[in-house]
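Quantities reported herein were computed from a predicted structural model and do not represent experimental measurements. Numbering of ligands and ligand atoms starts at 1, following listing order.
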Amino acid sequence: MILPIYTYGNAVLRKVAEPISADYPQLSTLIDNMFQTMYHAEGVGLAAPQVGLPIRLLVIDLAPFKEDDPELGAFKVVMINANILDRSEEEVVGEEGCLSIPGIHENVPRAQKIKIQYMDADFKEHIEEFEGYKARVVQHEYDHLEGNLFTDKVTPIRRQLLKSRLTNIVKGKASASYKTKSA
Ligand code: NI
C-alpha cells in the first residue's frame with residue numbers, strides 16, 4: 001500500500017523518534033509499505049516519521065544507481081533503532097533532496113564516513129561502517145529520526161533564499177508526483 005508522505009511543517013518530522021521492539025504491530029507490512037511508497041515517489045530513502053510514525057525505522061534502496069555503480073546500486077537496507085556510533089571529522093558537500101520537501105535540492109555537508117549500529121528487519125544486530133554516498137543517505141535518513149531536516153544544514157544565505165518556498169510547502173502549495181500530507 002502506498003502511504004501519503006508527510007511534508008515540511010508536520011510536527012511529526014520534528015520529533016525525536018522512539019525505538020521499537022520486535023512485536024511492533026504489523027512491522028513487516030509497514031516495511032513493505034514504506035518501500036512501495038518510496039519507489040512510487042522515486043526516492044532512495046524513507047524514514048518512518050515521513051509516513052507519520054515517530055519510530056526509529058528507515059528504509060534505503062540505491063537501486064537507481066545500479067547502472068553507474070553496481071556496488072552502490074546493490075545497497076538495500078532496513079534499519080531499526082539505528083544509532084550512529086562514530087562520524088569522521090572529514091566532511092563532504094553533496095546535493096540532497098527529500099520526499100518531505102518536494103522541489104528543493106541543496107548542497108549539504110555530511111561526514112564522509114560513519115559507524116552505525118542497527119537492527120535489520122529480523123531484529124538481528126549489525127554494526128557497520130559506510131562511506132561516501134551510502135554514508136550520506138544513511139545520515140539523511142537518520143536525521144529524520146532525530147527530528148532534523150536537510151534544509152536545517154544549508155548555509156544561512158541559502159536558508160534565507162529557501163524561506164518562501166518552505167512556507168509554500170507548509171501551506172500545502174507544493175506540488176509532487178506522489179500523495180502528500182501537509183501540516
Ligand atoms: Ni528526507
Side-chain angles (χ1 to χ4, degrees), residues 2-18 20 30-65 72 75-84 87 91-112 114 116 118 130 132-155 158-159 161-163 165-183:
I2 292 167
L3 307 169
I5 295 179
Y6 284 53
T7 52
Y8 189 91
N10 278 292
V12 68
L13 295 176
R14 292 305 193 178
K15 281 187 183 156
V16 177
E18 296 288 335
I20 57 169
L30 173 60
I31 291 168
D32 285 350
N33 290 344
M34 284 178 61
F35 274 115
Q36 272 189 53
T37 301
M38 181 183 82
Y39 296 141
H40 174 73
E42 297 181 353
V44 294
L46 189 70
Q50 295 182 274
V51 293
L53 299 170
I55 58 172
R56 299 186 80 81
L57 165 63
L58 63 87
V59 301
I60 292 170
D61 188 348
L62 301 186
F65 297 97
L72 191 61
F75 186 58
K76 180 180 176 181
V77 281
V78 175
M79 292 185 178
I80 295 168
N81 301 343
N83 181 25
I84 292 183
R87 298 171 197 255
E91 289 196 328
V92 276
V93 173
E95 197 183 70
E96 296 185 15
C98 179
L99 296 177
S100 292
I101 313 177
I104 294 180
H105 295 87
E106 291 290 329
N107 281 325
V108 182
R110 297 284 184 188
Q112 200 273 332
I114 58 163
I116 190 167
Y118 67 93
F130 298 112
Y133 193 73
K134 284 184 199 174
R136 172 171 300 280
V137 177
V138 171
Q139 287 173 87
H140 176 114
E141 298 313 324
Y142 183 86
D143 263 5
H144 280 296
L145 309 179
E146 300 291 308
N148 299 324
L149 299 168
F150 83 95
T151 45
D152 305 338
K153 293 188 184 305
V154 303
T155 61
R158 287 304 307 167
R159 199 171 318 146
L161 290 167
L162 285 175
K163 220 172 173 180
R165 289 162 71 197
L166 291 172
T167 305
N168 278 341
I169 298 176
V170 176
K171 289 179 179 164
K173 287 183 191 165
S175 67
S177 63
Y178 44 90
K179 195 162 55 157
T180 56
K181 190 192 172 300
S182 56

Contacts under 3.5 angstrom, residues 165-180 side chains, donor-acceptor by atom type, not counting sequence neighbours:
from	atom 1	to	atom 2	distance (Å)
Arg165	NH2	Gly103	O	3.0
Thr167	OG1	Lys163	O	2.9
Tyr178	OH	Leu99	O	2.8

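Not a single donor-acceptor pair under 3.5 Å links the side chain of Ser100 to the backbone N or O of Tyr8.
Counting only protein atoms, the N, O or S atoms lying less than 2.8 Å from the Ni ion (ligand 1) are Cys98 SG, His140 NE2, His144 NE2, ordered by chain and residue number.
Here the CG atom belonging to Leu145 is positioned 8.0 Å from the CG atom belonging to Leu57, to the nearest 0.5 angstrom. Rounding to the nearest 0.5 Å places CD1 of Ile60 at 10.5 Å from NZ of Lys134.
Here ring-ring contact (aromatic ring centres under 6.0 Å, His included) pairs that include residues 41-64, with residues two or more places apart or in two chains, number zero. The stretch residues 37-60 participates, sequence neighbours left out, in these salt bridge (charged side-chain N to carboxylate O under 4.0 Å, His left out) pairs: Arg56-Glu146.
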